[in-house]
Trainee: 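I have a structure here, written as structure tokens, and I will follow up with some questions on it.
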Amino acid sequence: ILAYNYYPNTGDMVINSFDSFYNNLGGDSLRMRNVLAHEVGHGLGFAHVCPVQRNKLMEPFVATGYDGPRHDDIRAAHFNYGDVFENNDTIAEATLLGPLSIGAPVAIGDVPGAAVANGSLLSLDSNEDVDWYSISVSQRSVLTVTITPRGFLYDDATQSCNGLSGSCCYNQFDDSASTSGYTIEVRTPGGVLVATRSVVGAGPHTLPALLSGPGEYVVGISAAGITNPPVLYALSLGASLAPVIVEYADPGLVWIAPGAPTPIVARASAGTQSLGAVSLRYSINGAPMTSVVMGPGSQAGEWIASIPPVACGSTIVYSVRAEGSSSGSVELSSITARTG
């Protein structure tokens, strides 16, 4: 018996410090560190786990083929206490990740120190759990959110089977998330939806979201269909310049005065590309589309062109198209306007 410990609120840890097992100081006293970490697990409320395969810290026999808690032990901590960012279950409680710079993605989840295969600091502990994270950007950009579930198929059983309390049985356990569904969403702090995507499987899964301007945004991660919670996952957030962004300078005219040219103003930028022609396309009373190259407006990034005079009672359908040097054209949804 190298050491023993009781569950929370029951007693203290006892270490057999006279045992010669601890005389080996290799790996910065890995033998002692793994024994103490195992006993701390009991102090956190964890029982022994089987079978003995030298791949779980809470197995009933000490091993030195790893350093500290493994995947199953981390899941136990998350199951009892939540992940390191609890409670971030609402937008108001979102974990603050701070400013996100263009071309400098932020990755969270990896366990610091000794490498842990399939380990993570993040988890979803039930089908009702939602993890929220807050980021900010200094300019209009594309946010790319990537989640990677971290689980696998392994043997996991209690130290009790066939009526024998000390026996070790086998039980195939799967937390690979191969059938779990996930939802990624991006919202404003006020809750307005910017983008969302629902996916199924082990991933990784990615959601691109166009952030219309500088400011703060929140990212939500949730799951459905989890059969063996908690599910560990890693999260990556990256910001990049949109290749081509085009929008109406106003909400889009739906009423046009007859008998005079009607100016249409748009904003267009190319991000990291070169911006080609910006065109106004319009059709009057069902005629074929006419395309007119727009010229610079009064403000930086603005483009302007006019729809010619039309008679009272006419119907005009128009849109704006911008050309990017590598992504091709981006065209706004068409607007139907009438004169009267």
Side-chain angles (χ1 to χ4, degrees), residues 44 46 49 55-57 66 68-91 93-98 100 104-135 142-154 156 172-187 193-209 217-239:
L44 291 171
F46 309 154
V49 63
N55 60 7
K56 300 178 287 293
L57 180 67
Y66 50 79
R70 301 292 91 189
H71 173 82
D72 190 67
D73 312 299
I74 293 171
R75 288 186 63 257
H78 289 202
F79 184 84
N80 279 12
Y81 301 99
D83 67 23
V84 297
F85 293 126
E86 297 290 352
N87 291 311
N88 59 347
D89 297 338
T90 66
I91 291 178
E93 299 169 310
T95 298
L96 181 62
L97 300 181
L100 197 60
V106 172
I108 56 175
D110 288 342
V111 178
V116 181
N118 296 298
S120 180
L121 303 178
L122 312 178
S123 69
L124 294 167
D125 55 41
S126 72
N127 292 320
E128 290 75 40
D129 190 16
V130 183
D131 290 346
W132 288 99
Y133 304 90
S134 171
I135 58 98
V142 172
L143 172 67
T144 300
V145 183
T146 302
I147 63 166
T148 304
R150 289 184 171 173
F152 61 107
L153 182 67
Y154 63 100
D156 186 343
Q172 197 170 69
F173 180 85
D174 187 3
D175 70 330
S176 64
S178 58
T179 59
S180 296
Y182 299 87
T183 297
I184 312 169
E185 52 188 314
V186 177
R187 295 180 180 269
L193 182 65
V194 176
T196 185
R197 183 187 180 199
S198 295
V199 295
V200 176
H205 307 293
T206 299
L207 169 68
Y217 297 86
V218 290
V219 176
I221 308 296
S222 58
I226 300 176
T227 55
N228 292 315
V231 172
L232 307 186
Y233 69 92
L235 178 65
S236 174
L237 303 168

Trainee: What residues, two or more places apart in sequence or in another chain, satisfy side-chain hydrogen bond (donor to acceptor under 3.5 Å, both in side chains) together with Y233?
Mentor: D131, Y133
Trainee: Can you confirm whether D156 sits close enough to D72 that some side-chain heavy atom of one is under 4.5 Å from a side-chain heavy atom of the other?
Mentor: yes
Trainee: State, to 0.1 Å, how close E93 and N87 come at their nearest heavy-atom pair, and which atoms those are.
Mentor: CB-O, 3.5 Å
Trainee: Under the 3.5 angstrom rule, does the side chain of S123 hit a backbone N or O of D125 as a donor-acceptor pair?
Mentor: no
Trainee: Can you check whether V194's main-chain N or O pairs, donor with acceptor, with Y217's side chain at less than 3.5 Å?
Mentor: no
Trainee: Could you state the interatomic distance from CD1 (I147) to OG1 (T206), rounded to the nearest 0.5 Å?
Mentor: 9.0 Å
Trainee: Considering only heavy atoms from C-beta outward, does the side chain of I184 approach that of T196 to under 4.5 Å?
Mentor: no
Trainee: With sequence neighbours left out, write down each residue that passes side-chain hydrogen bond (donor to acceptor under 3.5 Å, both in side chains) with S120, or none if nothing qualifies.
Mentor: none
Trainee: CD of E86 to OG1 of T95: how many Å apart, nearest 0.5 Å?
Mentor: 8.5 Å
Trainee: Charged N to carboxylate O below 4.0 Å: is that the case for D175 and R75?
Mentor: yes
Trainee: Give me the atom names and distance for the closest heavy-atom approach of A94 to V218.
Mentor: CB-CG1, 4.3 Å
Trainee: Grab the two heavy atoms, one from L100 and one from G238, that are nearest each other, plus how far apart they are.
Mentor: CD2-C, 3.9 Å
Trainee: Any side-chain heavy atom of L124 within less than 4.5 Å of one from I221?
Mentor: yes
Trainee: Would you indicate whether the side-chain heavy atoms of V111 and L121 approach each other to under 4.5 Å?
Mentor: yes
Trainee: Who passes salt bridge (charged side-chain N to carboxylate O under 4.0 Å, His left out) against R150, sequence neighbours left out?
Mentor: D110
Trainee: Between the main-chain N or O of I226 and the side-chain N or O of N127, is there a donor-acceptor pair closer than 3.5 Å?
Mentor: yes
Trainee: Starting at CG of L96, measure out to CD1 of I135 and round the result to the nearest 0.5 Å.
Mentor: 10.5 Å
Trainee: Can you list the residues that meet the salt bridge (charged side-chain N to carboxylate O under 4.0 Å, His left out) rule with D89, with sequence neighbours excluded?
Mentor: none
Trainee: Atom NE2 in H71, atom OH in Y154: separation rounded to 0.5 Å?
Mentor: 4.5 Å
Trainee: Using side-chain hydrogen bond (donor to acceptor under 3.5 Å, both in side chains) as the criterion, list what pairs up with H205, not counting sequence neighbours.
Mentor: none
Trainee: If you compare all heavy atoms of A202 against all heavy atoms of P149, which two are closest, and at what distance to 0.1 Å?
Mentor: O-CD, 3.0 Å
Trainee: So with a 6.0 Å cut-off around CZ of F79, is the heavy-atom count from everything else above 12?
Mentor: no
Trainee: Does V200 reach the side chain of Y182, with side-chain heavy atoms less than 4.5 Å apart?
Mentor: no
Trainee: Hey, mind stepping through V219 and L143 against side chain to side chain contact (heavy atoms under 4.5 Å, CB included) and telling me if it holds?
Mentor: CA-CA 10 Å; V219 176; L143 172 67; 3.9 Å; yes
Trainee: Please confirm whether the backbone N or O of R70 pairs with a side-chain atom of D73, one donor and one acceptor, at under 3.5 Å?
Mentor: yes
Trainee: Are any non-hydrogen side-chain atoms of Q172 and L153 less than 4.5 angstrom apart?
Mentor: yes
Trainee: Counting C-beta onward and ignoring hydrogens, is there a side-chain heavy-atom pair between V186 and V145 closer than 4.5 Å?
Mentor: yes
Trainee: To the nearest 0.5 Å, how far apart are CZ in F85 and CD1 in I108?
Mentor: 5.0 Å
Trainee: With sequence neighbours left out, what residues match R187 under salt bridge (charged side-chain N to carboxylate O under 4.0 Å, His left out)?
Mentor: E185
Trainee: Can a side-chain donor-acceptor contact be found between N55 and Y66 if the only test is distance below 3.5 angstrom?
Mentor: no
